[in-house]
Amino acid sequence: FMYRPSWAEGANVALIFATVAATVAVVSFASAGISSVLFVLLAGSLLYFEYFILFNDGIVLNVLFPLMAMSLTFVSLTLMNYFLESRQKDFIKAKFAKKVSPAVVEDLLKHSDMNSFEIKEKFVTIFFSDIRGFTTLSEAMGSPKALIGLLNEYMTPMVDIIVKSKGTVDKFIGDAIMAYWNAPNEVANHQDVAVSSAVTQIKALQELNKRLIEEKKPTIDIGIGINTGDVTVGEMGSYGRADYTIIGDPVNLASRLEGLNKPYHSHIIISEFTKSGLKNDYIIRELDLVRVKGKHEPVAIFEVLDFGVPDEEQKKELDSYTNALSLYRSSRFGEALTEFRVLFEKSGTFLYQVYIERCEHFIQNPPTDFDGVFTFTTK
């Protein structure tokens, strides 16, 4: 015989709480598709349980209220997740739509979670570029409107190259561009990607300058500094206004390297930390062993000249330069001076003139405990 036991009301309440808790767990820890399947299985299990105790034990429990509670919970949480996910996607798009490529934004949306923008340590490659002689350029353009137009002509292709190579444009600092690779998304071989982007930008700038000459506008010259290291990345700023960015000593060094292009008359300078991670072929020349302002440890810096490998003539010049640099660091300034003079006479490269002047100075003023490190006291 069917009957309603004295404990039925308590069992009904407990059943409601149990089914609601199970539904919350299903929606919270599974995707929308999987949670729908699990919800159907959960509802089916509830109905089977009620059927079993009814026809085997004759116990009558309430089936309507637990089923309604489950359904309302499932629908409410699903809608809530939908709106929260929509807001999160809008947030991600707002943060990165103008910083990275659409492909990177879509990947962020697919793999985003609540921890995506938490501050964390990450190994990245940092890029800084700046226009040389910007004050002179400003005067040559005459009006602010014309200057901004020229800057837009320059920055648009440069940023496009960074974005297409999966880089993140962090900010514009006047006429300077700051970017980085391997955050927020992973970028394989990010040292190579960053250096390739820099070389591509220099080549694109050469084409732009040809057009500027035809239009009788001032040409643009830039310096690029690239460094690799562990930085702090995430949402930073005030409580009312924040931005996704990176900070750390490797960022400062990258900025300093960009500034060193001026004394060496170079275009792309990378640190030893970036060079050690390169896997592709580039024509690279070691510039110096320097101690930049604000750092005590010396850093080896290198100039990236082009893609590929040097031809026979370039290799011969680079080998001669490497030998001269070794003589200089061994304090054999007279022999190094001879080598650098021969190199300068053949190519007229400004770097060789830098070392000629240093050798002449040290011959007249012999240093004590010479370690080959050149210390810069300005940025």
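Since the structure is predicted, the reported quantities are computational estimates derived from the model, not experimental observations.
In this model, a donor atom of one side chain and an acceptor atom of the other lie less than 3.5 Å apart for Thr232 and Glu121. Side-chain atoms of Ser271 and Asn227 include a donor-acceptor pair closer than 3.5 Å. Inspection of the Thr23 and Thr73 side chains reveals no N or O donor paired with an N or O acceptor under 3.5 Å. Judged purely by distance below 3.5 Å, without hydrogens or angles, the side chains of Ser196 and Tyr282 pair a donor atom with an acceptor atom. Donor-acceptor pairing under 3.5 Å is recorded for the side chains of Gln201 and Ser197.
Although no hydrogens or angles enter the test, the distance criterion places no donor-acceptor pair under 3.5 Å between the side chain of Asp281 and the main chain of Val309. Judged purely by atom type and a 3.5 angstrom limit, Thr274 has no side-chain atom pairing as donor or acceptor with the backbone of Ile270. One N or O on the side chain of Ser276 and one on the backbone of Phe273 form a donor-acceptor pair closer than 3.5 Å. The closest donor-acceptor contact from the side chain of Asn323 to the backbone of Asp319 lies at 3.5 Å or more, if one exists at all. Under the 3.5 Å distance criterion, the side-chain polar atoms of Ser347 are matched with a main-chain donor or acceptor of Leu343. A donor-acceptor contact shorter than 3.5 Å links the side chain of Asn12 to the backbone of Asn62. Side-chain atoms of Glu272 come within 3.5 Å of backbone N or O of Ala300 as a donor-acceptor pair. Put simply, the side chain of Asp57 never gets that close to the backbone of Ile59: no donor and acceptor are under 3.5 Å apart. Remark: the backbone N or O of Tyr352 is not paired with any side-chain donor or acceptor of Thr349 at under 3.5 angstrom. Although no hydrogens or angles enter the test, the distance criterion places no donor-acceptor pair under 3.5 Å between the side chain of Asp192 and the main chain of Leu278.
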**Request:** Quick one: do Phe127 and Tyr180 satisfy ring-ring contact (aromatic ring centres under 6.0 Å, His included)? Show the steps, please.
**Result:** CA-CA 6 Å; Phe127 167 103; Tyr180 47 86; over 10 Å; no

**Request:** Evaluate the criterion side chain to side chain contact (heavy atoms under 4.5 Å, CB included) for residue pair Phe134 and Leu147; output intermediate values, then yes/no.
**Result:** CA-CA 10 Å; Phe134 183 69; Leu147 177 62; 4.0 Å; yes

**Asked** Given Glu215 and Arg211, is the side chain to side chain contact (heavy atoms under 4.5 Å, CB included) satisfied, shown in steps?
**Response** CA-CA 6 Å; Glu215 297 173 358; Arg211 181 163 58 81; 3.3 Å; yes

**Asked** Does the pair Phe55 and Tyr51 meet the rule for a ring-ring contact (aromatic ring centres under 6.0 Å, His included), with working shown?
**Response** CA-CA 6 Å; Phe55 289 99; Tyr51 175 88; 4.7 Å; yes

**Message:** For a side chain to side chain contact (heavy atoms under 4.5 Å, CB included) check, start with the C-alpha distance between Leu351 and His265, then their side-chain angles and the critical distance, and finish with the verdict.
**Reply:** CA-CA 7 Å; Leu351 175 64; His265 285 205; over 6 Å; no

**Request:** Kindly determine whether Val251 and Met178 satisfy side chain to side chain contact (heavy atoms under 4.5 Å, CB included), including the steps that lead there.
**Result:** CA-CA 9 Å; Val251 180; Met178 174 185 171; 3.8 Å; yes

**Prompt:** When you look at Phe370 and Phe333, which way does the ring-ring contact (aromatic ring centres under 6.0 Å, His included) test go after all the steps?
**Reply:** CA-CA 11 Å; Phe370 182 73; Phe333 301 117; 5.1 Å; yes

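Contact check on Lys346 versus Glu313 returns no salt bridge, with no Lys/Arg side-chain nitrogen under 4.0 Å from an Asp/Glu carboxylate oxygen. Note on Glu186 versus Lys122: salt bridge recorded, some NZ/NE/NH1/NH2 to OD/OE distance being below 4.0 Å. In summary, Arg132 and Glu258 engage in a salt bridge, as defined by a charged side-chain N under 4.0 Å from a carboxylate O. Under the 4.0 Å criterion applied to side-chain N and carboxylate O atoms, Glu207 and Lys203 are not assigned as salt-bridge partners. By the 4.0 Å N-to-carboxylate-O rule, Glu335 lies close enough to Arg332 to be salt-bridged with it. In summary, Glu286 and Arg329 engage in a salt bridge, as defined by a charged side-chain N under 4.0 Å from a carboxylate O.
Each of Val37 and Val24 belongs to its own hydrophobic cluster when Ile, Leu, Val, Met, Phe, Trp and Tyr are linked at side-chain heavy-atom distances under 4.5 angstrom. Cluster annotation: Leu38 and Leu77 are assigned to distinct hydrophobic clusters (Ile/Leu/Val/Met/Phe/Trp/Tyr, side-chain heavy-atom contacts under 4.5 Å, transitive). Residues Val169 and Val193 are members of one and the same hydrophobic cluster, defined by side-chain heavy-atom contacts under 4.5 angstrom among Ile, Leu, Val, Met, Phe, Trp and Tyr. Residues Leu212 and Ile131 fall within the same hydrophobic cluster, defined by Ile, Leu, Val, Met, Phe, Trp and Tyr side chains chained together at heavy-atom separations under 4.5 Å. One hydrophobic cluster holds both Ile363 and Tyr328 under the rule that ILVMFWY side chains link at heavy-atom gaps under 4.5 Å.
Between Val124 and His190 the shortest side-chain heavy-atom distance does not fall below 4.5 Å. Met70 places a side-chain heavy atom less than 4.5 Å from the side chain of Phe39. Looking at Gln191 and Asn280, their side chains never come closer than 4.5 Å, going by heavy atoms from C-beta outward. Annotation: side chain of Val299 is not in contact with side chain of Leu289 (no heavy-atom distance under 4.5 Å). At least one side-chain heavy atom of Leu205 sits under 4.5 Å from a side-chain heavy atom of Ile220.
From Ile246, atom CD1 reaches atom CD1 of Ile119 across 13.0 Å, with rounding to the nearest 0.5 Å.
The heavy-atom pair separating Leu67 from Ala43 by the smallest distance is CD1-CB, 4.0 Å. Across all their heavy atoms, Ser35 and Val27 have their closest contact at CB-CA, 4.2 Å. Contact between Ile301 and Leu257 at its shortest, heavy atoms only, is CG2-CD2, 3.5 Å. Across Met141 and Pro218, no two heavy atoms sit closer than the pair SD-CD, 3.4 Å. Here the shortest heavy-atom pairing between Asn261 and Ile268 reads OD1-N, 3.4 Å. Contact detail for Trp181 and Val187: the closest heavy-atom pair is CD1-CG1, 4.3 Å.
No more than 12 heavy atoms of other residues, nucleotides or ligands shown are found within 6.0 angstrom of CZ on Phe52. Within 6.0 Å of CZ on Phe17 lie no more than 12 heavy atoms contributed by other residues, nucleotides or ligands.
Note that Lys293 lies outside the cation-pi zone of Phe376, set by a 6.0 Å cut-off to the ring centre and a 45° limit from the axis. For the pair Arg358 and Tyr355, the cation-pi test (distance below 6.0 Å, angle within 45°) is passed.
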